[in-house]
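Presented below is the structure to which this report refers.
Worth saying up front: this structure is predicted, and the values here are computed from it rather than measured. Numbers here simply count residues along the sequence, with the first being 1.
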Amino acid sequence: MKKTAILTALSLTATLLTTSCSGNNDDENTTTNQQPATTQYFHPPTWIQGTWGVTNGTTSNKLYKFTADDFILLVTGVSEQSMTGTIKSSPNGGSVDETSNNGTQYNFTVKYNITTTTQSFEFRKVSATQIQWKSNGTWFDLVKM
């Protein structure tokens, strides 16, 4: 009799677990833990993808890195700051407005939603190994590293 009671209890427990773990959940108050959609903020053209910086013959400083989906600020020997990561970690996120023309110009403005802060960047292609970056109205030469 004890064996029958134990088997009945195990059978009942298995039935309850199967029923309570079913995929059908009609409770509207249940929160679903969904992964956020991946947003691609940057779409750099292929001609600018790579690492760019300045060199004076003896010293080189890497300044920027473009990947297929990101723009990264480089602090030589210290850190890399992904602009996609900065936008995602900013309260309320942000957006990027990009413009590109004729394969020689790539401009973008990063806007953060919680503040009026914006960051604007302008780049133009000179050759396969040289671009120019505009800062405060002046164009600076950068070389591919």
Side-chain angles (χ1 to χ4, degrees), residues 6-145:
I6 291 172
L7 288 175
T8 304
L10 286 174
S11 177
L12 181 59
T13 302
T15 303
L16 288 173
L17 286 174
T18 304
T19 305
S20 65
C21 293
S22 72
N24 186 3
N25 188 351
D26 294 331
D27 186 359
E28 291 180 25
N29 294 325
T30 302
T31 340
T32 309
N33 188 10
Q34 295 179 347
Q35 294 296 323
T38 302
T39 301
Q40 183 174 339
Y41 295 98
F42 295 92
H43 305 84
T46 55
W47 61 263
I48 202 169
Q49 291 177 24
T51 301
W52 299 89
V54 293
T55 184
N56 66 6
T58 57
T59 307
S60 295
N61 290 315
K62 296 176 182 178
L63 299 175
Y64 303 116
K65 181 165 63 173
F66 295 88
T67 65
D69 61 357
D70 203 358
F71 172 67
I72 301 163
L73 301 171
L74 303 173
V75 181
T76 304
V78 180
S79 67
E80 293 186 3
Q81 181 185 355
S82 160
M83 291 302 288
T84 295
T86 301
I87 294 166
K88 288 181 177 181
S89 67
S90 176
N92 297 322
S95 62
V96 177
D97 293 328
E98 299 177 291
T99 57
S100 182
N101 72 8
N102 298 329
T104 60
Q105 190 90 16
Y106 179 57
N107 305 332
F108 59 89
T109 300
V110 179
K111 298 176 183 176
Y112 298 96
N113 293 339
I114 199 162
T115 68
T116 57
T117 302
T118 61
Q119 292 175 289
S120 295
F121 292 87
E122 290 185 54
F123 298 93
R124 67 182 176 197
K125 180 180 180 179
V126 175
S127 70
T129 58
Q130 184 180 356
I131 62 172
Q132 291 183 320
W133 158 56
K134 190 174 186 180
S135 177
N136 296 322
T138 303
W139 289 96
F140 295 92
D141 292 326
L142 302 178
V143 293
K144 195 162 198 171
M145 306 189 112

(message) Just so I know, are the side chains of K144 and W52 near enough to count as touching, which here means a heavy-atom distance under 4.5 Å?
(response)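 Yes, side chains in contact.
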
(message) Are V110 and T118 packed together at the side-chain level, in the sense that at least one heavy-atom pair is separated by less than 4.5 angstrom?
(response)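 No, their side chains stay 4.5 Å or more apart.
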
At their closest point, which heavy atom of [X] faces which heavy atom of [Y], and how far apart are they?
{"X": "Y112", "Y": "Q119", "value": "OH-OE1, 2.9 Å"}
{"X": "D70", "Y": "P44", "value": "O-CG, 3.9 Å"}
{"X": "M145", "Y": "N61", "value": "SD-O, 4.0 Å"}

Any chance you could measure [X], atom [atom1], to [Y], atom [atom2], to the nearest 0.5 Å?
{"X": "S79", "Y": "L73", "atom1": "OG", "atom2": "CG", "result": "9.0 Å"}
{"X": "I72", "Y": "S82", "atom1": "CD1", "atom2": "OG", "result": "5.5 Å"}
{"X": "T115", "Y": "N92", "atom1": "OG1", "atom2": "CG", "result": "10.0 Å"}
{"X": "Y64", "Y": "F71", "atom1": "OH", "atom2": "CZ", "result": "5.5 Å"}

Under the side chain to side chain contact (heavy atoms under 4.5 Å, CB included) rule, collect the residues that match up with [X], sequence neighbours excluded.
{"X": "L63", "value": "V54, L142"}
{"X": "S100", "value": "P45, Y106"}
{"X": "N136", "value": "none"}
{"X": "D69", "value": "Q40, T67"}

Residues 127-135 side chain polar contacts: donor-acceptor under 3.5 Å, at least two apart:
residue, atom, partner, partner atom, Å
S127, OG, T129, N, 3.3
S127, OG, Q130, N, 3.2
Q130, NE2, D141, OD1, 3.2
Q132, OE1, R124, NE, 2.6
Q132, OE1, R124, NH2, 2.8
Q132, NE2, D141, OD1, 2.9

Of all residues at least two apart in sequence or in a different chain, which pass the salt bridge (charged side-chain N to carboxylate O under 4.0 Å, His left out) check with [X]?
{"X": "K111", "answer": "D97"}
{"X": "K65", "answer": "E80"}
{"X": "E122", "answer": "none"}

(request) Consider only side-chain N and O atoms of T109 and S120, and report whether a donor and an acceptor are under 3.5 Å apart. (result)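 There is such a pair between these side chains.
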
(request) Kindly write out the residues that satisfy side chain to side chain donor-acceptor pair (under 3.5 Å) with T51, not counting sequence neighbours, or none if the list is empty. (result)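 Once residues adjacent in sequence are excluded, T51 has no partner under the side chain to side chain donor-acceptor pair (under 3.5 Å) criterion.
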
(request) Mind checking side chain to side chain donor-acceptor pair (under 3.5 Å) for T104 and listing every partner two or more places apart, or none if nothing turns up? (result)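 Result, side chain to side chain donor-acceptor pair (under 3.5 Å) vs T104: none returned.
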
(message) Test: ring-ring contact (aromatic ring centres under 6.0 Å, His included). Region: residues 78-101. Which pairs qualify, not counting sequence neighbours?
(response)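 Sorted pair list comes back empty.
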
(request) Would you check, one step at a time, whether the test side-chain contact (heavy atoms from CB on, under 4.5 Å) holds for I48 with F123? (result) CA-CA 9 Å; I48 202 169; F123 298 93; 3.7 Å; yes

(message) Closer than 3.5 angstrom, by distance alone: can the side chain of W47 be matched with the main-chain N or O of G103 as a donor-acceptor pair?
(response)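 Pair found, side chain donor or acceptor close to backbone of G103.
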
(message) Please check: side-chain N/O of E98 versus main-chain N/O of N107, any donor-acceptor pairing under 3.5 Å?
(response)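 No, because the side chain of E98 does not come within donor-acceptor range (under 3.5 Å) of the backbone of N107.
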
(message) Tell me every residue that passes ring-ring contact (aromatic ring centres under 6.0 Å, His included) with Y41, counting only those two or more places apart in sequence or in another chain.
(response)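 In terms of ring-ring contact (aromatic ring centres under 6.0 Å, His included), with neighbours along the sequence ignored, Y41 is linked to no residue.
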
(message) Are F66 and F42, when compared by the centres of their aromatic rings, separated by less than 6.0 Å?
(response)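 No; F42 has its ring centre 6.0 Å or more from that of F66.
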
